[in-house]
Peer 1: 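Structure below; questions to follow.
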Amino acid sequence: MYEAFYSNDVIKRLAREKRWTISDYNKVPIDMTDLLMSQGQAIHGALTKKEGHNPFVDLYTITKYMPNARNNAYCIDAKTDGIMVLDIEPKCPKVIADKLLQLPALYGEFSMSGKGYHLIFQVPKEYEDVYSCT
(Lines give C-alpha, C1' and ligand atoms only; values in the text may rest on other atoms or scores of the structure.)
Protein backbone atom coordinates (compact mmCIF):
# COMPACT_ATOMS: atom_id res chain seq x y z
CA MET A 1 0.00 0.00 0.00
CA TYR A 2 2.80 2.43 0.87
CA GLU A 3 5.37 1.01 -1.55
CA ALA A 4 6.23 4.39 -3.11
CA PHE A 5 6.84 5.84 0.36
CA TYR A 6 9.08 3.07 1.70
CA SER A 7 11.05 2.71 -1.54
CA ASN A 8 11.76 6.44 -1.92
CA ASP A 9 15.47 7.33 -1.59
CA VAL A 10 14.84 10.26 0.79
CA ILE A 11 12.63 8.15 3.06
CA LYS A 12 15.18 5.33 3.05
CA ARG A 13 17.92 7.82 4.01
CA LEU A 14 15.85 9.17 6.92
CA ALA A 15 14.52 5.78 8.07
CA ARG A 16 17.33 5.16 10.60
CA GLU A 17 16.84 8.53 12.31
CA LYS A 18 15.03 8.34 15.65
CA ARG A 19 12.62 11.12 14.71
CA TRP A 20 9.66 9.07 13.46
CA THR A 21 6.22 8.64 14.96
CA ILE A 22 2.61 8.21 13.92
CA SER A 23 -0.24 10.69 14.35
CA ASP A 24 -3.68 10.25 15.82
CA TYR A 25 -6.86 11.17 13.91
CA ASN A 26 -6.45 14.80 15.01
CA LYS A 27 -2.96 14.85 13.44
CA VAL A 28 -1.28 14.98 16.88
CA PRO A 29 2.11 13.21 16.90
CA ILE A 30 2.18 10.30 19.37
CA ASP A 31 5.02 9.61 21.84
CA MET A 32 6.13 6.32 20.29
CA THR A 33 8.69 5.51 22.96
CA ASP A 34 6.11 5.64 25.77
CA LEU A 35 3.51 3.87 23.63
CA LEU A 36 5.82 0.93 22.89
CA MET A 37 7.33 0.71 26.39
CA SER A 38 3.85 0.64 27.94
CA GLN A 39 2.65 -1.96 25.43
CA GLY A 40 0.00 0.39 24.11
CA GLN A 41 -1.23 1.70 27.45
CA ALA A 42 0.40 5.18 27.41
CA ILE A 43 -0.99 7.09 24.47
CA HIS A 44 -0.17 10.78 24.55
CA GLY A 45 1.36 13.47 22.39
CA ALA A 46 5.02 13.88 21.53
CA LEU A 47 4.97 17.66 21.39
CA THR A 48 7.78 18.23 23.85
CA LYS A 49 10.86 16.31 24.82
CA LYS A 50 11.09 15.56 28.52
CA GLU A 51 14.57 15.72 29.98
CA GLY A 52 16.53 12.82 28.48
CA HIS A 53 13.46 11.35 26.75
CA ASN A 54 13.09 11.01 23.01
CA PRO A 55 9.43 10.46 22.02
CA PHE A 56 10.46 9.26 18.56
CA VAL A 57 11.81 6.02 17.12
CA ASP A 58 13.27 4.95 13.78
CA LEU A 59 10.97 4.04 10.91
CA TYR A 60 11.90 0.35 11.12
CA THR A 61 10.55 0.20 14.68
CA ILE A 62 7.24 1.67 13.55
CA THR A 63 6.90 -0.78 10.67
CA LYS A 64 7.74 -3.67 13.01
CA TYR A 65 5.32 -2.81 15.82
CA MET A 66 2.68 -0.80 13.94
CA PRO A 67 2.68 -2.30 10.41
CA ASN A 68 -0.85 -1.06 9.72
CA ALA A 69 -0.34 2.49 10.99
CA ARG A 70 -2.46 5.03 9.15
CA ASN A 71 0.55 7.29 8.62
CA ASN A 72 4.19 7.87 9.43
CA ALA A 73 5.34 11.29 10.61
CA TYR A 74 8.88 12.62 10.73
CA CYS A 75 10.21 15.44 12.91
CA ILE A 76 12.09 17.23 10.18
CA ASP A 77 14.95 19.64 10.79
CA ALA A 78 15.91 21.33 7.54
CA LYS A 79 19.40 22.21 8.76
CA THR A 80 20.21 18.66 9.84
CA ASP A 81 18.33 16.79 7.11
CA GLY A 82 18.99 19.13 4.18
CA ILE A 83 15.40 18.79 3.05
CA MET A 84 12.19 20.76 3.49
CA VAL A 85 8.50 20.03 3.07
CA LEU A 86 6.02 22.10 1.13
CA ASP A 87 2.53 21.56 2.56
CA ILE A 88 -0.11 22.46 -0.03
CA GLU A 89 -3.35 22.97 1.86
CA PRO A 90 -6.71 21.83 0.43
CA LYS A 91 -7.87 25.46 0.24
CA CYS A 92 -4.94 26.39 -2.04
CA PRO A 93 -6.33 27.62 -5.39
CA LYS A 94 -6.15 24.84 -7.97
CA VAL A 95 -4.17 26.93 -10.45
CA ILE A 96 -1.44 27.52 -7.83
CA ALA A 97 -1.49 23.93 -6.54
CA ASP A 98 -1.11 22.63 -10.10
CA LYS A 99 1.97 24.83 -10.63
CA LEU A 100 3.50 23.74 -7.32
CA LEU A 101 2.90 20.09 -8.16
CA GLN A 102 5.03 20.52 -11.28
CA LEU A 103 8.13 21.44 -9.22
CA PRO A 104 10.87 18.78 -9.15
CA ALA A 105 10.14 17.26 -5.73
CA LEU A 106 12.19 14.41 -4.28
CA TYR A 107 8.97 12.87 -2.97
CA GLY A 108 5.27 13.75 -3.00
CA GLU A 109 2.14 12.41 -1.33
CA PHE A 110 -1.44 13.28 -0.49
CA SER A 111 -1.99 14.70 2.98
CA MET A 112 -3.97 12.69 5.57
CA SER A 113 -7.18 14.39 4.47
CA GLY A 114 -6.57 13.25 0.90
CA LYS A 115 -7.25 16.81 -0.28
CA GLY A 116 -3.83 18.43 0.16
CA TYR A 117 -0.27 17.49 -0.73
CA HIS A 118 3.17 17.20 0.87
CA LEU A 119 6.22 17.66 -1.34
CA ILE A 120 9.81 17.10 -0.19
CA PHE A 121 12.59 19.23 -1.68
CA GLN A 122 16.31 19.60 -1.20
CA VAL A 123 16.98 22.80 0.76
CA PRO A 124 18.60 25.28 -1.64
CA LYS A 125 22.25 26.10 -0.89
CA GLU A 126 21.32 29.80 -0.75
CA TYR A 127 19.41 29.18 2.50
CA GLU A 128 22.20 27.28 4.25
CA ASP A 129 22.56 29.81 7.08
CA VAL A 130 18.92 30.82 7.60
CA TYR A 131 16.85 27.66 7.84
CA SER A 132 16.11 25.58 10.92
CA CYS A 133 12.97 24.55 12.75
CA THR A 134 14.72 24.49 16.13
Side-chain angles (χ1 to χ4, degrees):
M1 182 173 169
Y2 299 107
E3 184 178 328
F5 176 80
Y6 292 114
S7 65
N8 180 271
D9 289 339
V10 174
I11 303 305
K12 288 194 293 190
R13 178 171 58 88
L14 299 173
R16 288 187 179 91
E17 300 295 330
K18 290 188 177 182
R19 288 191 273 145
W20 289 92
T21 186
I22 59 174
S23 301
D24 67 14
Y25 284 98
N26 294 317
K27 300 182 183 180
V28 175
I30 300 296
D31 184 320
M32 285 301 297
T33 301
D34 283 355
L35 177 69
L36 294 173
M37 290 186 71
S38 71
Q39 298 180 1
Q41 299 304 305
I43 301 174
H44 56 86
L47 299 177
T48 59
K49 286 188 178 183
K50 296 177 260 182
E51 204 173 302
H53 175 76
N54 182 2
F56 306 111
V57 296
D58 60 55
L59 185 58
Y60 303 111
T61 299
I62 291 176
T63 58
K64 178 179 178 180
Y65 292 101
M66 310 281 295
N68 298 317
R70 182 173 175 223
N71 75 325
N72 295 298
Y74 184 72
C75 182
I76 191 170
D77 182 317
K79 193 164 199 151
T80 300
D81 300 322
I83 59 172
M84 60 186 188
V85 174
L86 174 62
D87 186 354
I88 304 172
E89 294 292 334
K91 63 184 175 188
C92 179
K94 184 175 176 3
V95 66
I96 295 173
D98 288 346
K99 286 183 181 182
L100 293 172
L101 290 168
Q102 291 176 14
L103 294 172
L106 301 171
Y107 174 75
E109 65 183 12
F110 287 106
S111 62
M112 282 178 62
S113 70
K115 299 175 183 173
Y117 306 92
H118 300 142
L119 301 176
I120 296 178
F121 296 94
Q122 189 73 37
V123 172
K125 296 282 185 213
E126 297 82 11
Y127 298 99
E128 199 168 274
D129 294 325
V130 296
Y131 59 85
S132 181
C133 68
T134 57

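FYI, side chains are in, hydrogens and waters are out, and symmetry mates aren't considered; it's all heavy atoms of this structure.
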Peer 1: Does some side-chain heavy atom of M32 sit less than 4.5 Å from a side-chain heavy atom of T61?
Peer 2: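 Contact flag for T61/M32 side chains = no.
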Peer 1: Salt bridge (charged side-chain N to carboxylate O under 4.0 Å, His left out) for R19 and D77? Distances and angles first, verdict last.
Peer 2: CA-CA 10 Å; R19 288 191 273 145; D77 182 317; 5.5 Å; no
Peer 1: If we only count heavy atoms from C-beta on, is the L59 to L14 side-chain gap below 4.5 Å?
Peer 2: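 L59 does not reach L14 side chain to side chain.
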Peer 1: Taking all non-hydrogen atoms of both residues, which atom of T21 and which atom of P29 are closest, and how far apart?
Peer 2: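 Heavy atoms only, the tightest pair is CG2-CB, 3.9 Å.
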Peer 1: Just how far is it from atom CG of L106 to atom CG of L119, taken to the nearest 0.5 Å?
Peer 2: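 One finds 10.0 Å between CG of L106 and CG of L119.
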Peer 1: Could you tell me which non-hydrogen atom of V123 sits nearest to which non-hydrogen atom of A78, and how far apart they are?
Peer 2: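 Residues V123 and A78, closest heavy atoms: CG2-CB, 4.0 Å.
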Peer 1: List the atom of K12, the atom of S7, and the distance in Å for their closest heavy-atom pair.
Peer 2: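 Nearest heavy atoms, K12 then S7: CE-O, 3.5 Å.
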Peer 1: Considering residues at least two apart in sequence or located in another chain, which fulfil the side chain to side chain contact (heavy atoms under 4.5 Å, CB included) criterion with Y107?
Peer 2: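 Checked Y107 against side chain to side chain contact (heavy atoms under 4.5 Å, CB included); matches are F5, N8, E109, I120.
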Peer 1: Is there side-chain contact between F56 and W20, with at least one heavy-atom pair below 4.5 Å?
Peer 2: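 No; the side chains remain at least 4.5 Å from each other.
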Peer 1: So L100 and Y117, do their side chains get closer than 4.5 Å, heavy atoms only?
Peer 2: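 No, side chains not in contact.
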Peer 1: Side-chain donor-acceptor contacts of residues 82-96 below 3.5 Å, not counting sequence neighbours, with atom names and distances?
Peer 2:
from, atom 1, to, atom 2, distance (Å)
K94, NZ, D98, OD1, 3.4
K94, NZ, D98, OD2, 2.8

Peer 1: Would M66 and Y60 show up in the same hydrophobic cluster when neighbours are defined by side-chain heavy atoms closer than 4.5 Å?
Peer 2: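 Per the 4.5 Å side-chain linkage, M66 and Y60 are not co-clustered.
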Peer 1: For the residue pair T33 and V57, establish whether any side-chain heavy-atom pair is separated by less than 4.5 Å.
Peer 2: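 Counting from C-beta outward, T33 and V57 do come under 4.5 Å.
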Peer 1: Applying the 4.5 Å side-chain criterion to the ILVMFWY set and letting contacts propagate, would V28 and Y25 be lumped into a single cluster?
Peer 2: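 Different clusters: V28 never reaches Y25 through Ile, Leu, Val, Met, Phe, Trp or Tyr contacts under 4.5 Å.
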Peer 1: Indicate, with yes or no, if I43 and Y65 share a hydrophobic cluster defined by side-chain heavy-atom contacts under 4.5 Å among Ile, Leu, Val, Met, Phe, Trp and Tyr.
Peer 2: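 As far as the 4.5 Å side-chain criterion goes, I43 and Y65 are connected within one cluster.
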Peer 1: Is it true that, when you exclude M37 itself, more than 12 heavy atoms of the residues, nucleotides or ligands shown sit nearer than 6.0 Å to its CE?
Peer 2: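 No, the 6.0 Å shell around CE holds no more than 12 heavy atoms from other groups.
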Peer 1: Short question: side chain of R13, backbone of D81 - any donor-acceptor pair under 3.5 Å?
Peer 2: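 At least one qualifying donor-acceptor pair exists.
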Peer 1: Go through the steps to decide whether T63 and Y6 satisfy the test side-chain contact (heavy atoms from CB on, under 4.5 Å), and finish with yes or no.
Peer 2: CA-CA 10 Å; T63 58; Y6 292 114; 3.5 Å; yes
Peer 1: Please evaluate residues D34 and H53 with respect to the criterion side-chain contact (heavy atoms from CB on, under 4.5 Å), reporting the C-alpha separation (whole Å), side-chain torsions for both, the decisive distance (0.1 Å), and the verdict.
Peer 2: CA-CA 9 Å; D34 283 355; H53 175 76; 3.1 Å; yes
